[in-house]
Amino acid sequence: GAVVSQHPSWVICKSGTSVKIECRSLDFQATTMFWYRQFPKQSLMLMATSNEGSKATYEQGVEKDKFLINHASLTLSTLTVTSAHPEDSSFYICSARDLRTSGPSTDTQYFGPGTRLTVL
Amino acid sequence: QKEVEQDPGPLSVPEGAIVSLNCTYSNSAFQYFMWYRQYSRKGPELLMYTYSSGNKEDGRFTAQVDKSSKYISLFIRDSQPSDSATYLCAMTLSGGYNKLIFGAGTRLAVHP
């Protein structure tokens, strides 16, 4: 159980274009989804938290107009990198959890396999 | 000072060795402690989850939390080459959801 998928697994795009990354919870309903980015040999950096049906909460320093997050259903969240530039090249990982069923023994997140974005 | 400190390694051990990975943290309010394993170019996979202090064992893996010292550990017994990965500690506050705070991750290499 608790499987999270991401699509695409990798993408190469030209500078100035927009890229959409999908995150799906396959066997549970995700009331909350998180988006992280990870640079090589570095840890995960939380970008934003999104709750189903409401606006995402962005971490300090993350441009909300550049990284558009939509969480329209309990199983799908999307991250759109708008007007991508080479410095946006990174590994983007989503995670999901179901706040309605979690408790002290299950209060954790399940991660997707990640999407590698390369902007030329 | 970072909230969570973790030695990035790399740590290289022979097959069969006992591996000790650890993290220290500064926020005494952390209540939930996790260890994730991340293979290269993959998402993190939850290995161990501990609430508050104590030990937890799952197969070859043992997680320890010492809240008085603000120190957590992950032990891997009889390490295998397939254990070669980056191990990330993570922790969060109590009382409903709070964001995970990750350590930098320790790269482990188990050689035959």
Side-chain angles (χ1 to χ4, degrees), chain A residues 1-7 9-10 21 23-25 30-51 56-60 62 90-118, chain B residues 2-11 21 23 25 29-54 56 58 63 65 67 72 85-109:
Chain A
V3 178
V4 177
S5 70
Q6 275 183 248
H7 178 79
S9 56
W10 60 270
I21 302 169
C23 176
R24 294 181 185 273
S25 57
T31 54
T32 307
M33 288 186 169
F34 311 88
W35 287 95
Y36 296 82
R37 65 187 299 180
Q38 185 178 35
F39 292 106
K41 299 185 180 180
Q42 294 188 29
S43 191
L44 283 74
M45 183 191 80
L46 180 65
M47 298 174 66
T49 302
S50 73
N51 292 298
T57 302
Y58 290 82
E59 295 298 300
Q60 191 174 10
V62 178
S90 188
F91 193 50
Y92 292 87
I93 308 174
C94 71
S95 70
R97 58 171 288 168
D98 186 348
L99 273 175
R100 299 169 302 177
T101 60
S102 62
S105 63
T106 59
D107 193 7
T108 190
Q109 301 175 25
Y110 296 94
F111 286 82
T115 296
R116 183 158 302 280
L117 170 64
T118 302
Chain B
K2 293 180 182 178
E3 278 193 284
V4 180
E5 298 277 0
Q6 183 177 10
D7 187 338
L11 181 62
L21 305 167
C23 292
Y25 61 95
F30 285 138
Q31 294 282 356
Y32 299 86
F33 304 91
M34 286 140 276
W35 285 95
Y36 287 87
R37 178 174 61 195
Q38 186 178 25
Y39 292 111
S40 181
R41 299 176 182 246
K42 299 291 184 183
E45 168 196 9
L46 180 66
L47 272 181
M48 300 288 285
Y49 173 93
T50 308
Y51 172 64
S52 195
S53 283
K56 188 173 184 178
D58 184 1
V65 175
K67 291 191 69 182
I72 69 171
T86 295
Y87 291 80
L88 298 146
C89 65
M91 48 199 78
T92 188
L93 304 175
S94 62
Y97 172 70
N98 288 275
K99 67 181 182 182
L100 286 177
I101 307 298
F102 282 90
T106 299
R107 285 181 293 136
L108 171 67

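Computed from heavy atoms alone, side chains included, the values below leave out hydrogens, waters and symmetry copies.
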Problem set entry | B:L100 and A:L46, any side-chain heavy atoms less than 4.5 Å apart | no
For this session: Taking all heavy atoms of A:S43 and all of B:F102, pick out the closest pair and write down the distance.
Result: OG-CB, 3.4 Å
For this session: Compare every heavy atom of A:F91 with every heavy atom of B:Q38, then report the nearest pair and how far apart it is.
Result: NE2-CE2, 4.0 Å
Problem set entry | chain B interface, residue from A:V4, A:L44, A:T115 that has the most non-hydrogen pairs under 4.5 Å | A:L44
For this session: Flag the one option from B:P44, B:G105, B:A104 with the top tally of heavy-atom pairs under 4.5 Å to chain A.
Result: B:P44
Exercise. Within a radius of less than 6.0 Å around NZ of B:K67, do more than 12 heavy atoms belonging to other residues, nucleotides or ligands occur?
Worked result: yes
Seminar exercise, completed: The interface call for A:Q6 against chain B, heavy-atom contacts under 4.5 Å, is neither
